2 protein chains.
Amino acid sequence: MKRFVEVEQWLKTHGIRLTDQRRLVVRRAVAYLHFTAEELVKDVREYDASIARGTVYRTLAMLQQAGMVEKHDFRYGPPNYEVTFAKAHHDHLMCLHCGEIIEFQEPRWERLQDEVAKRYKYQLLTHTHKLYGVCASCQRSGEKRLAEPPHLHVEEMVA
Amino acid sequence: MKRFVEVEQWLKTHGIRLTDQRRLVVRRAVAYLHFTAEELVKDVREYDASIARGTVYRTLAMLQQAGMVEKHDFRYGPPNYEVTFAKAHHDHLMCLHCGEIIEFQEPRWERLQDEVAKRYKYQLLTHTHKLYGVCASCQRSGEKRLAEPPHLHVEEMVA
DNA sequence: TCTGTAGTTGAGACTGAGTCTCAATTGGCT
DNA sequence: AGCCAATTGAGACTCAGTCTCAACTACAGA
């Protein structure tokens with residue numbers, strides 16, 4: 001992971017005032033790949049029990065605004081956040097059994113999209129493209145039950 | 001719209017027991033293009049004030065299960081339901097200013113999807129593909145404010 | 001380094017959307 | 001017509017997220 005100073009610098013240049021709470025939220029966020037707001041709330045509270053839930057939500061909204069994280073509505077459970085800082089655009093493929101999320105790029109899509117937008121005279125701003133299926137290993141284990149919301153592992157705090 | 005008898009017949013063959021409440025919910029649902037659960041609750045209550053909110057949600061879940069409606073998570077507000085009874089697969093293009101939703105088909109996508117799924121050895125089940133932008137008329141009127149959840153018009157009860 | 005102030009925070013009440021429970025009711029097979 | 005499993009209404013409950021406001025704090029400027 002990038003030195004954290006870089007991220008802080010970047011936040012400052014985006015007019016974001018740095019507080020201890022924000023530093024913590026951002027640090028913990030970058031330690032994840034995908035996470036839900038509530039998971040992050042729980043996680044940061046292990047480092048600072050007094051941090052308010054509202055603060056986490058506010059910070060996430062701010063980071064999203066600044067383009068550092070993206071909010072994704074997957075099919076099950078609450079929205080998932082993803083840190084996209086210095087990351088190329090990609091779409092998602094999700095396993096409905098184990099909740100695994102694969103990110104992939106497919107430039108040919110982007111072209112088709114532009115075509116569709118032109119067809120309807122839309123000025124395209126964003127898009128979401130999500131594929132849902134069953135991953136190879138779940139196919140093998142032949143599980144029957146349907147997806148729980150994807151589960152995350154807590155990693156160590158980034159220095 | 002199709003004669004309602006047809007729809008009822010179809011429900012029966014899908015093992016769905018017909019009750020007055022279900023008949024009402026289904027009739028009102030097919031009167032819309034896209035609607036949210038709460039909009040439908042409010043709407044059916046104009047015909048039967050005593051209908052329980054839970055009944056509407058249960059019926060929607062059932063119709064979804066049976067493949068008669070689809071649930072879409074658009075970017076703003078609660079999920080949107082769409083009656084897909086006897087309707088070909090399509091994706092969506094939404095205007096972030098006025099909430100207009102355009103349905104379009106793009107078979108070339110389906111092929112690309114299969115390719116991606118194969119690449120990761122996924123068995124593909126479904127997908128969602130949503131484009132967001134600004135429609136031609138909103139571009140002209142140059143509105144600044146961002147999307148309210150799409151707004152619906154209540155149509156007359158289908159006979 | 002100090003200060004003023006606009007921006008940020010914690011706490012907790014509040015909201016919206018959806019789920020659950022359970023006793024009472026009902027559809028539809030026989 | 002009678003039976004009983006499925007369905008319903010009512011309302012309590014949950015979960016995720018928002019809002020309010022007094023107290024606190026980052027940081028630009030003196």
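All values reported here derive from a predicted model rather than from experimental measurement. Order of the sequence lines fixes the chain letters, A, B, ..., with proteins taken first and strands second; residue numbering starts at 1 for each chain.
Set against C:dG28, C:dA17, C:dG10, the side chain of B:P78 has C:dA17 as its closest nucleotide. Listed nucleotides: C:dT21, C:dG18, C:dG10. Nearest to the side chain of B:R58: C:dT21. Among the nucleotides D:dT20, D:dA10, D:dT25, the one closest to any side-chain atom of A:R17 is D:dT25.
Between the side chain of A:R53 and the base of D:dG17, a donor-acceptor pair under 3.5 Å is found.
Ring geometry for A:F74 against A:Y132 counts as perpendicular: the plane angle is over 60°, on a 0 to 90° scale with 30° as the lower cut. Taking the six-membered ring where tryptophan is involved, the planes of B:H129 and A:H127 are tilted, since the angle between them lies from 30° to 60°.
By the 4.0 Å N-to-carboxylate-O rule, A:K87 lies too far from A:E70 to be salt-bridged with it.
Distances shown here put every side-chain N or O of A:T36 at or beyond 4.0 Å from the OP1 or OP2 atom of D:dA16. The phosphate of C:dT8 (OP1 or OP2) has no side-chain N or O of A:Q21 nearer than 4.0 angstrom. For C:dG10, one of the phosphate oxygens OP1 or OP2 lies less than 4.0 angstrom from a side-chain nitrogen or oxygen of A:T55. Between B:T19 and the phosphate of D:dA6, there is no side-chain N or O to OP1/OP2 separation shorter than 4.0 Å.
Comparing A:G54 and A:M62 by the nucleotide of DNA chain C that holds the closest heavy atom to each, the one mapping nearer the 5' end is A:M62. When the nearest nucleotides of DNA chain C are assigned to B:L18 and B:K71 by heavy-atom distance, the more 5′-ward of the two goes with B:K71.
When rounded to the nearest whole Å, the span between CG of B:D20 and C1' of D:dG9 equals 14 Å. In this structure, A:I51 atom CD1 and C:dT8 atom C1' are separated by 12 Å, rounded to whole Å. The separation between B:N80 atom CG and C:dA17 atom P is 12 Å, rounded to whole Å. Residue A:Y57 contributes atom OH, which lies 13 Å from atom P of D:dC19 at whole-angstrom precision. One atom, CG of B:L60, and another, P of D:dT8, lie 12 Å apart when rounded to the nearest Å. Counting to the nearest Å, the P atom of C:dG28 and the CD atom of B:Q9 are 11 Å from each other. If you take CG of B:L24 and P of C:dT26, they are 16 Å apart, rounded to a whole angstrom. Here the C1' atom of nucleotide C:dT25 and the CG atom of B:D48 are 14 Å apart, to the nearest Å.
Atom OG1 of A:T59 and atom CD of A:Q64 lie 12.5 Å apart (nearest 0.5 Å).
A:R22 comes within contact range of the sugar-phosphate backbone alone, with a heavy-atom separation under 4.0 Å but no base atom that close.
Checked options B:R140, B:Q139, B:E100; the residue passing with B:V134 is B:Q139 (criterion: side chain to side chain contact (heavy atoms under 4.5 Å, CB included)).
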